Amino acid sequence: MVDHTQMSWKEDNVISQLHNSVDNVTFAVGQALTNPSEQFIQNAQDMIERAERSVKMALESRGNLDPISSLQEQLNQDKERLNRLN
């Protein structure tokens, strides 16, 4: 018998970690837009790469759930904002 409580907890943990990763991107992109130094831009790009890996892992482990799709869309919007800077 499958323990649905455990699955739900793992799902929540994956989404929570992804949410934190995307929030970090939003913050880093905001810093880069406010102060477009090479350091802040590189930091934002690094955060985006990490978040993209997190999205990929979340999709592979949990499928295309609404929270994951929403966070992926937020990440894409942040990437576009940073790309406009370059």
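Fair warning: this is a prediction, and the values are worked out from it, not measured in the lab. Worth knowing before you read on, the calculation uses all heavy atoms, side chains too, and leaves out hydrogens, waters and symmetry mates.
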S.K.: Do V22 and H19 have side chains that approach each other closer than 4.5 Å (heavy atoms only, starting at C-beta)?
M.R.: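 The answer is no; the side chains never approach within 4.5 Å.
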S.K.: Return the CG to CG distance between N76 and N83, rounded to the nearest 0.5 Å.
M.R.: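 If we round to the nearest 0.5 Å, N76:CG and N83:CG are 10.5 Å apart.
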S.K.: Please tabulate, one pair per line, all N/O donor-acceptor pairs under 3.5 Å involving side-chain atoms of residues 30-42, not counting sequence neighbours.
M.R.:
unit_1 : atom_1 : unit_2 : atom_2 : d
T34    : OG1    : G30    : O      : 2.8
S37    : OG     : F40    : N      : 3.4
Q42    : NE2    : D46    : OD1    : 2.8

S.K.: How long is the straight-line distance from CD1 of I68 back to CZ of R62, given to the nearest 0.5 Å?
M.R.: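 Rounded to the nearest 0.5 Å, the CZ-CD1 separation comes to 8.0 Å.
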S.K.: State, yes or no, whether a side-chain contact exists between D23 and Q74 at a heavy-atom distance under 4.5 Å.
M.R.: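 The answer is yes, as the side chains (C-beta and beyond) meet within the 4.5 Å cut-off.
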S.K.: N20: which residues meet the side-chain contact (heavy atoms from CB on, under 4.5 Å) condition with it, sequence neighbours left out?
M.R.: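 Listed in chain order: S16.
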S.K.: For residues 67-79, pull every pair meeting salt bridge (Lys or Arg N to Asp or Glu O under 4.0 Å), keeping only residues two or more places apart or in separate chains.
M.R.: E52-K79, D78-R81
S.K.: So V55 and L71, do their side chains get closer than 4.5 Å, heavy atoms only?
M.R.: no
S.K.: Can you name the closest pair of heavy atoms from A28 and N43 and give their distance?
M.R.: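 A28 and N43 have their closest heavy atoms at CB-ND2, 3.9 Å.
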S.K.: If Ile, Leu, Val, Met, Phe, Trp and Tyr residues are connected whenever their side-chain heavy atoms lie under 4.5 Å apart, and connections chain through other members, are M57 and M47 in the same group?
M.R.: no
S.K.: Is there a path of hydrophobic side-chain contacts, each under 4.5 Å between heavy atoms, that joins L75 and F27?
M.R.: no
S.K.: For N64, which residues count as a side-chain contact (heavy atoms from CB on, under 4.5 Å) partner, sequence neighbours excluded?
M.R.: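 Once residues adjacent in sequence are excluded, the partners of N64 under the side-chain contact (heavy atoms from CB on, under 4.5 Å) criterion are L59, S69.
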